[in-house]
Amino acid sequence: MLSTWHPAPSSLAGVLAGTWSVHAARDADLAARVLPDGTTCLVFQRGGTVLRSCDGAWRPWATTAVSGPRSGPFDFTLGAAGSLYIVQLRPAGAMQILGVAMSSLADRFEPLDAVVGSVPPRVADCVQSDADDGSCVRAIERWLLQRLWSQRAWCEVTDAVVGEVARRAGSIRVEDLARHVNLSRRHLGRLMHERVGYSPKRFARITRFDRAVQLGRRRPTVPWARVALDTGYADQPHLAREFARLGGIRPGDLRGAAAATIW
């Protein structure tokens, strides 16, 4: 397997985290698990891909697809010599790109053309050709920038809430979030459900989980009990329960043989 991270250009930094280009070996399928992190993923594939979605069923994935904001992991298998481009849209930016309520995509996998209409031929042709990763990623980014200009779905309140949850690494009460943006809990809940795809409480929970995942990866010699305390969990057993519930993994999996296939 060869995977490369392409950070978002400055013109898309507010809505796009970046893009993974993934290539399976020529002689073996690639099986991987993608953990929930609050993003919405656009997937462009070359070569057959099968996924197991949140309902546990294995099914073929459309050539271009959307994986909405997730409350749990999904698994995929990419055929030998196949390629994937996984475009990660930020929680406050996905609706700006897609132009639909994120509640309609939460924990769902849909063909991309069913959500945004047909993908421009220049993007589809690049992905399906033998073009290099840089060319394909730039073609996708140009298309996203055009959609961003046309949709104009930015919301100051959503941006402020997502930013505050990120700043607090998920360790914040819903009451404090509502107070931060001068909204009632009910109004904030409706707004977040529509524009981010999660309730404020669930979004904070997933943000904290993702923070623990990233710290656990970056600090492989730090005990998990320390990671738990640094990310707002009561103790290591609390962290372990969240890893099992949200990611279907144990913390140690991120530092063992399976780590390379857990994203």
Side-chain angles (χ1 to χ4, degrees), residues 1-8 16-37 39-68 70 72-89 107-114 119-144 210 213-214 216-218 220 243-244 246-263:
M1 177 185 72
L2 175 64
S3 61
T4 304
W5 175 248
H6 306 267
L16 174 66
T19 300
W20 283 104
S21 57
V22 185
H23 304 279
R26 292 188 175 277
D27 57 353
D29 293 349
L30 166 65
R33 167 162 291 188
V34 180
L35 302 178
D37 59 1
T39 64
T40 290
C41 296
L42 311 184
V43 182
F44 300 81
Q45 67 156 294
R46 181 196 312 151
T49 308
V50 177
L51 68 86
R52 184 170 63 202
S53 58
C54 298
D55 61 12
W58 283 99
R59 65 192 67 180
W61 211 342
T63 302
T64 57
V66 180
S67 166
R70 303 175 306 282
F74 71 83
D75 299 324
F76 71 84
T77 300
L78 176 63
S83 298
L84 282 178
Y85 295 95
I86 302 177
V87 182
Q88 292 189 296
L89 301 178
D107 288 322
R108 296 179 63 86
F109 301 81
E110 300 289 349
L112 183 56
D113 57 7
V119 176
R122 67 180 181 280
V123 176
D125 291 347
C126 188
V127 171
Q128 296 304 319
S129 71
D130 293 328
D132 62 272
D133 284 349
S135 298
C136 291
V137 170
R138 286 190 294 272
I140 293 170
E141 290 172 348
R142 285 193 293 270
W143 172 62
L144 294 179
D210 182 56
V213 168
Q214 301 310 319
R217 289 187 192 275
R218 290 201 302 266
F243 269 54
L246 294 175
I249 61 172
R250 300 167 300 178
D253 292 336
L254 295 177
R255 298 174 176 176
T261 57
I262 298 174
W263 297 359

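A donor-acceptor contact shorter than 3.5 Å is absent between the side chain of Gln128 and the backbone of Val123. Not one N or O on the side chain of Asp29 forms a donor-acceptor pair closer than 3.5 Å with the backbone of Gly79. No side-chain donor-acceptor contact under 3.5 Å links Thr39 to the backbone of Cys41. With hydrogens and angles ignored, the 3.5 Å screen pairs no side-chain donor or acceptor of Arg46 with any backbone N or O of Ser83.
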Could you walk me through whether Asp37 and Arg70 satisfy the side-chain contact (heavy atoms from CB on, under 4.5 Å) test, starting with their C-alpha distance in whole Å, then the side-chain angles of each, then the deciding distance to 0.1 Å, before giving a yes or no? CA-CA 8 Å; Asp37 59 1; Arg70 303 175 306 282; 3.6 Å; yes
Are Leu35 and Ile249 close enough, and set up right, to give a side-chain contact (heavy atoms from CB on, under 4.5 Å), and what steps lead you there? CA-CA 9 Å; Leu35 302 178; Ile249 61 172; 4.0 Å; yes
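Once rounded to the nearest 0.5 Å, the distance linking CG of Leu78 with CG of Leu30 reads 5.5 Å. To the nearest 0.5 Å, atoms CG (Leu246) and CG (Asp210) are separated by 10.5 Å. Interatomic distance, NE2 of His23 versus OG of Ser3, reported as 9.0 Å (0.5 Å rounding). Rounding to the nearest 0.5 Å places NE2 of His6 at 11.0 Å from CD1 of Ile86. Atom CZ of residue Phe74 and atom CZ of residue Arg33 lie 11.0 Å apart, to the nearest 0.5 angstrom. Considering CD1 of Ile140 and CZ of Arg138, their distance stands at 11.5 Å, rounded to 0.5 Å.
Taking all atoms of both residues into account, the shortest heavy-atom contact from Leu16 to Ala8 is O-CB, 3.0 Å. Contact record, Ser135 with Ala131: CB-CB, 4.4 Å, taken as the closest heavy-atom pair. Considering all non-hydrogen atoms of both residues, Gly248 and Pro73 come closest at N-CG, 4.4 Å.
At least one side-chain heavy atom of Leu42 sits less than 4.5 Å from a side-chain heavy atom of Leu144. Taking 4.5 Å as the limit, some side-chain heavy atom of Trp263 sits within range of a side-chain heavy atom of Val22. The shortest distance between side-chain heavy atoms of Leu84 and Val43 falls below 4.5 Å. Put simply, the side chain of Asp253 does not reach to within 4.5 Å of the side chain of Phe243, judged on heavy atoms.
The local environment of CZ in Arg122 is crowded, with over 12 non-hydrogen atoms from other residues, nucleotides or ligands closer than 6.0 Å.
Taking the ring pair (Phe, Tyr, Trp, His ring centres under 6.0 Å) definition, one finds that Tyr85 meets it with nothing, sequence neighbours left out.
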